[in-house]
S.K.: 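I have a structure I would like to understand better, so I am pasting it below and will then ask my questions one at a time.
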Amino acid sequence: MNCKQAREIMNLVFDGEMNPLEAGAREHCGACRECGQWMAGMERVTECVTSARKQLSQPDIATLVMSRLPARHPASVERRRVLISRRALSWMLMGWAAAFCIMVVLGAVAFKWLGTPIAGERVVQSYSVSRTIAQTTAAIVGAFKPLGAAVGSVAVGYRSDAVDLAIALVLLEIMILIMGCAVWRRHSKISGSMSVLV
Amino acid sequence: MEFSDAELIRQCLHGDNGAFDVLMRRYQRQVYNFCYGMLGNADDASDASQDAFVKSYYALDSFRQDAQFLTWMYRIASNVCIDLHRKRKRHQSASLDDEEQSFRELPSSDLTPDEMLQSCEGSRLVVDAVSRLSESHRAAVAMFYFGGLSIREIATATKRPEGTVKSDLHYAREMLRRKLEGVVVEV
Ligand SMILES: [Zn+2]
């Protein structure tokens with residue numbers, strides 16, 4: 001083994017590698033004065049660096065870093081914001097579904113009570129099944145057209161309580177609409193404040 | 001119960017900053033030592049390791065779970081240290097690239113090698129010498145000797161072939177040996 005080979009092998013040993021030729025390289029460095037000095041120098045480098053590392057004091061980096069971080073990770077805030085938006089949307093849908101049901105029920109009740117379609121649609125009188133379908137359809141349509149129903153009622157001279165009911169339905173629709181908007185605004189505000197937090 | 005790195009990262013991403021605190025305490029020593037190796041003084045090492053952890057916190061959602069957190073952390077810390085070192089060098093208006101010149105300017109010690117070891121003079125000299133190496137050589141030495149990474153881990157952290165890392169480390173070690181022996185490096 002020559003000097004170059006011995007030093008190459010010893011360098012790999014200093015890198016932390018197991019080498020089958022290590023014994024031979026060490027033997028060469030023990031016998032060759034120049035390589036012996038070279039190896040002593042390399043070992044001194046390792047000792048000095050190890051000693052420098054051991055002398056290091058360890059500052060509490062974690063505590064210093066924690067004081068520089070926000071209360072929550074931005075990714076978690078974003079995830080929370082999306083969840084809130086989804087919840088707001090589901091509340092809106094549920095609200096509108098409930099409003100729809102109330103309107104249908106009120107429309108149907110009004111139809112039964114007054115005995116005439118409040119929207120003024122024609123009713124098939126012959127068979128009970130088709131009559132029920134027609135009545136329900138008229139009730140639903142009537143429920144969604146309270147204003148039209150009111151106008152129609154006045155125009156064709158329906159009973160005055162039909163007009164009262166139609167006006168009440170208009171007011172109810174407006175109230176539901178305002179409530180829906182209020183719920184939406186409230187959830188939007190929460191989402192907005194979470195974004196500001198980031 | 002000790003959580004894995006991946007579990008702590010998941011908890012942090014779900015809003016638990018305490019999990020990141022645990023993660024930092026697990027690795028702060030290695031990261032700080034590495035930064036010290038890169039920069040050569042305690043104040044800069046403290047600043048750099050803090051910056052590295054803050055950067056890693058904000059980039060946590062981009063961390064790939066199949067990678068090792070510490071290796072990823074070293075990559076971030078390495079970039080932070082290089083930036084800080086460049087800024088510092090710019091202030092000193094010294095040439096960054098002239099590694100040999102920088103070594104010549106490094107004060108030598110009058111002590112013998114054994115005296116140096118006993119008096120910590122060798123440690124001071126070697127740290128000073130490391131901080132004058134080029135970026136890639138310095139990163140290899142700091143990760144290997146100060147951070148305690150293997151050649152393979154350094155290759156992963158620096159995204160360089162293992163052979164290149166070995167060659168950087170051999171060169172840097174040779175430079176440090178010459179410095180400790182009081183040999184003035186000739187170009
Ligand atoms: Zn030899």
Side-chain angles (χ1 to χ4, degrees), chain A residues 4 6-19 29 34-84 194 197-198, chain B residues 12-18 20-26 28-29 31-33 35-37 42 45-46 49-54 57-58 60-61 113-114 116-117 120-127 129-130 141 144-146 148 150-151 165-166 169-170 172-174 176-181 183:
Chain A
K4 191 170 178 279
R7 291 183 189 195
E8 274 174 9
I9 289 163
M10 285 316 297
N11 248 324
L12 295 175
V13 172
F14 290 132
D15 288 346
E17 275 186 23
M18 300 284 281
N19 195 303
C29 291
E34 280 193 0
C35 288
Q37 278 180 347
W38 173 87
M39 202 160 104
M42 285 301 198
E43 283 170 345
R44 201 170 298 125
V45 169
T46 306
E47 285 162 11
C48 284
V49 179
T50 308
S51 158
R53 196 184 60 217
K54 282 182 181 168
Q55 286 164 24
L56 283 180
S57 58
Q58 294 293 325
D60 188 0
I61 300 293
T63 304
L64 295 168
V65 171
M66 287 307 282
S67 66
R68 291 171 57 182
L69 300 182
R72 296 170 70 92
H73 194 280
S76 78
V77 176
E78 179 60 28
R79 196 172 286 128
R80 193 175 157 79
R81 200 177 66 80
V82 170
L83 279 176
I84 287 172
M194 296 302 288
L197 196 74
V198 181
Chain B
C12 178
L13 289 174
H14 280 80
D16 179 9
N17 267 2
F20 191 68
D21 188 45
V22 174
L23 199 59
M24 278 194 290
R25 289 185 191 284
R26 191 173 285 177
Q28 64 177 357
R29 186 186 183 90
V31 172
Y32 173 78
N33 286 356
C35 291
Y36 184 85
S46 173
S49 35
Q50 283 178 60
D51 287 352
F53 275 119
V54 170
Y57 174 83
Y58 285 107
L60 217 50
D61 46 350
D114 285 338
M116 276 200 285
L117 265 182
C120 303
E121 177 72 3
S123 303
R124 188 196 61 77
L125 254 182
V126 85
V127 167
V130 170
V141 170
F144 187 79
Y145 285 114
F146 288 88
S150 67
I151 299 288
V165 174
K166 277 183 192 175
L169 198 55
H170 296 180
R173 204 184 277 135
E174 185 61 31
L176 298 178
R177 181 188 69 83
R178 291 185 195 186
K179 186 65 238 166
L180 283 183
E181 287 181 352
V183 176

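Lettering follows sequence order; numbering is per chain, from 1.
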S.K.: Can you classify the ring geometry of B:Phe146 versus B:Tyr36 as parallel (below 30°), tilted (30 to 60°) or perpendicular (above 60°)?
M.R.: tilted
S.K.: Applying side chain to side chain contact (heavy atoms under 4.5 Å, CB included) to A:Met10 and A:Met39, what does each step give before you reach the verdict?
M.R.: CA-CA 8 Å; A:Met10 285 316 297; A:Met39 202 160 104; 3.6 Å; yes
S.K.: Run the numbers on B:Val141 and B:Arg173 for side chain to side chain contact (heavy atoms under 4.5 Å, CB included), then give the verdict.
M.R.: CA-CA 8 Å; B:Val141 170; B:Arg173 204 184 277 135; over 6 Å; no
S.K.: Could you walk me through whether B:Cys12 and B:Leu23 pass the side chain to side chain contact (heavy atoms under 4.5 Å, CB included) test, one step at a time?
M.R.: CA-CA 10 Å; B:Cys12 178; B:Leu23 199 59; over 6 Å; no
S.K.: With chain A as the partner, which of B:Leu169, B:Asp61, B:Val165, B:Asn33 has the greatest number of non-hydrogen pairs under 4.5 Å?
M.R.: B:Asn33
S.K.: Does atom CD of A:Glu34 have more than 12 heavy-atom neighbours from other groups under 6.0 Å away?
M.R.: no
S.K.: At a 4.5 Å cut-off on heavy atoms, which part of A:Glu17 comes close to chain B: side chain, backbone, both, or neither?
M.R.: side chain
S.K.: So what's closer than 4.5 Å to chain B heavy atoms on A:Leu56: side chain, backbone, both or neither?
M.R.: side chain
S.K.: Going through the distances and angles, do A:Leu64 and B:Ser46 end up as a side chain to side chain contact (heavy atoms under 4.5 Å, CB included)?
M.R.: CA-CA 9 Å; A:Leu64 295 168; B:Ser46 173; 4.2 Å; yes
S.K.: Any salt bridge between B:Arg177 and B:Glu174, counting N to O under 4.0 Å?
M.R.: yes
S.K.: For chain B, which candidate among A:Asn11, A:Thr46, A:Val45 shows the most heavy-atom pairs at distances under 4.5 Å?
M.R.: A:Asn11
S.K.: Is it the backbone or the side chain of B:Ser49 that comes under 4.5 Å from a heavy atom of chain A, or both, or neither?
M.R.: both
S.K.: Please state whether the side chain, the backbone, both or neither of A:Thr63 comes within less than 4.5 Å of a heavy atom of chain B.
M.R.: both
S.K.: Considering only heavy atoms, which portion of B:Asp51 lies under 4.5 Å from any heavy atom of chain A: side chain, backbone, both, or neither?
M.R.: both
S.K.: Which one wins on heavy-atom pair count under 4.5 Å against chain A: B:Ile151, B:Asp16, B:Asp21?
M.R.: B:Asp21
S.K.: For B:Tyr32, which atoms come within 4.5 Å of any heavy atom of chain A: side chain, backbone, both, or neither?
M.R.: side chain
S.K.: Measuring from A:Gln58:CD to B:Gln28:CD, what's the distance to the nearest 0.5 Å?
M.R.: 7.5 Å
S.K.: What residue, out of A:Gln37, A:Arg68, A:Glu43, has the most heavy-atom pairs lying under 4.5 Å from chain B?
M.R.: A:Arg68
S.K.: Please classify the contact of B:Tyr57 with chain A as side chain, backbone, both or neither, using a heavy-atom distance under 4.5 Å.
M.R.: both
